[in-house]
There are 2 protein chains.
Amino acid sequence: MAGRAGSDRRAEILRAAADLFAARGFHGVSIDDLGRAVGTSGPALYRHFPGKEALLAAILLEVSERLAADGKERAEAWIDDPRRALEELLRGHIRFALTEPALITVHDRELDNVPEPHRRRIRRLQRGYVEQWVSVLARLRPEADPPTLRAAVHAAFGLLNSTPHSAQELAPDPMAELLLAMGRAALLAGD
Amino acid sequence: MAGRAGSDRRAEILRAAADLFAARGFHGVSIDDLGRAVGTSGPALYRHFPGKEALLAAILLEVSERLAADGKERAEAWIDDPRRALEELLRGHIRFALTEPALITVHDRELDNVPEPHRRRIRRLQRGYVEQWVSVLARLRPEADPPTLRAAVHAAFGLLNSTPHSAQELAPDPMAELLLAMGRAALLAGD
DNA sequence: CCCTGATGTTAGCGATCATTAACCGCGGAG
DNA sequence: CTCCGCGGTTAATGATCGCTAACATCAGGG
């Protein structure tokens with residue numbers, strides 16, 4: 001099945017890189033490690049990406065875009081039902097975290113290693129995603145001020161993103177239910 | 001015994017190392033960086049620690065011990081009031097996370113870089129700490145099975161430990177209150 | 001049939017890394 | 001006084017790093 005090998009290569013490299021970066025950290029993975037993970041030599045990667053940092057940037061950009069787009073879609077679909085919108089945001093994020101643990105891990109650990117041209121864009125996307133959650137939550141908790149809501153959303157992300165590290169305790173399905181219940185309760189906790 | 005002066009230096013090195021490891025990751029910090037952070041040259045550190053990995057091991061061991069000991073103390077002090085025991089566990093962990101963000105960060109990111117003799121001990125301490133929480137929580141939620149409780153505790157740690165990354169949104173005091181409310185709600189969420 | 005672009009390979013370059021070696025000032029005990 | 005060990009220095013070593021150079025293979029179109 002060598003049919004469509006060419007264009008898949010880029011995605012294959014990014015996936016392998018995300019797994020390795022998640023497991024050992026950006027600086028803990030060498031170019032040769034990355035090449036070996038896709039069955040080539042190290043320098044072969046320079047035919048697809050200009051450098052190691054570009055790999056990381058591509059991973060983070062794609063993740064940030066997916067999260068932001070998905071969040072926007074869900075929030076807008078339930079624009080008049082914030083309770084349901086929050087539920088959908090939670091489900092979407094949880095599904096992503098359980099499906100792509102490596103991406104979630106890299107996404108919230110390695111931003112500092114992305115060089116400046118791309119870092120700003122990734123930050124913007126991340127901030128937009130957070131604000132999506134904040135604006136939904138603001139309608140459910142009108143008494144809370146925005147800084148508190150932002151901190152609460154960040155804390156909830158910490159809860160949801162912890163899955164990759166604790167992983168094997170539970171099967172994906174009950175884990176999703178557990179995270180949903182905990183995330184909802186945490187975000188709606190008055191005090 | 002020259003205990004005081006020598007051990008000041010040691011503690012100073014460990015603190016600087018924790019800050020750097022938290023900010024840039026274990027592999028992102030060089031021996032020269034570590035030396036510079038305490039006003040000496042890089043190789044001077046070998047007068048106090050056998051190597052870079054030993055620095056990390058010492059940091060993680062101390063943190064794990066502090067958490068485990070503190071958790072045990074609080075849980076046993078309220079052995080007959082699990083509601084209060086959970087409250088105390090939460091407060092203790094939150095205080096630690098807010099007071100020592102670098103230690104918390106290194107503690108849950110860098111275990112894989114600790115070589116084997118010490119890693120096992122650190123893991124044992126960490127597991128003991130988790131079980132402390134689980135056993136308190138089990139009395140508050142008798143219907144839940146242990147794997148679910150363990151996963152819930154890990155998720156709660158993710159929530160509490162996210163502080164260092166979101167940090168500057170809120171002053172420490174309201175942040176502590178927010179985390180307490182969210183952690184309590186998340187852990188007690190029936191479903 | 002060759003030319004060319006895409007995608008590999010190995011060799012090598014300069015930088016940086018963790019660690020060791022060799023040396024030194026100094027404070028306090030005998 | 002002397003000696004010696006503690007805690008520092010600079011220099012050097014071998015490994016590894018990201019990346020570039022130079023070359024190879026091969027498919028397809030003219």
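Letters go in sequence order (proteins before strands), and every chain restarts at 1.
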Please list, for nucleotides 14-19 of chain C, all pairs of protein and nucleotide N/O atoms separated by less than 3.5 Å.
unit_1, atom_1, unit_2, atom_2, d
C/dA18, OP1, B/V29, O, 3.3
C/dA18, OP1, B/K52, NZ, 2.6
C/dA18, OP2, B/I31, N, 2.7
C/dT19, OP2, B/Y46, OH, 2.6
C/dT19, OP2, B/K52, N, 3.0
C/dT19, O5', B/Y46, OH, 3.1

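- Taking a cutoff of 4.0 Å between a charged side-chain nitrogen and a carboxylate oxygen, B/E143 and B/R141 qualify as a salt bridge.
- Residues that satisfy the ring-ring contact (aromatic ring centres under 6.0 Å, His included) test with B/F21, not counting sequence neighbours, are B/F26.
- Spacing between atom CG of A/L34 and atom C1' of D/dC19 amounts to 13 Å, rounded to whole angstrom units.
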Distance-only check: which donor-acceptor pairs under 3.5 Å involve side-chain atoms of residues 149-158 of chain B, not counting sequence neighbours?
unit_1, atom_1, unit_2, atom_2, d
B/R150, NE, A/E169, OE1, 3.4
B/R150, NH1, B/E131, OE1, 3.4
B/R150, NH1, B/E131, OE2, 3.0
B/H154, ND1, B/R150, O, 3.3

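- B/T40 comes within contact range of the sugar-phosphate backbone alone, with a heavy-atom separation under 4.0 Å but no base atom that close.
- Atom CG in A/L45 sits roughly 10 Å away from atom P in D/dC19 (whole-Å rounding).
- In this view, A/R36 and A/D33 satisfy the side chain to side chain donor-acceptor pair (under 3.5 Å) rule, not counting sequence neighbours.
- Protein atom CG of A/N113 is 14 Å distant from nucleotide atom C1' of D/dG18, rounded to whole Å.
- For B/R36 and D/dT9, the CZ to C1' distance is 15 Å, given to the nearest whole Å.
- Partners of B/R124 according to the salt bridge (charged side-chain N to carboxylate O under 4.0 Å, His left out) rule, which considers only residues two or more places apart in sequence or in another chain, do not exist here.
- Atom CZ in B/F49 sits roughly 12 Å away from atom P in D/dG7 (whole-Å rounding).
- The salt bridge (charged side-chain N to carboxylate O under 4.0 Å, His left out) check on B/E53 picks up nothing, with sequence neighbours excluded.
- The side chain of A/R47 places no N or O atom within less than 4.0 Å of a non-bridging phosphate oxygen (OP1 or OP2) of C/dG5.
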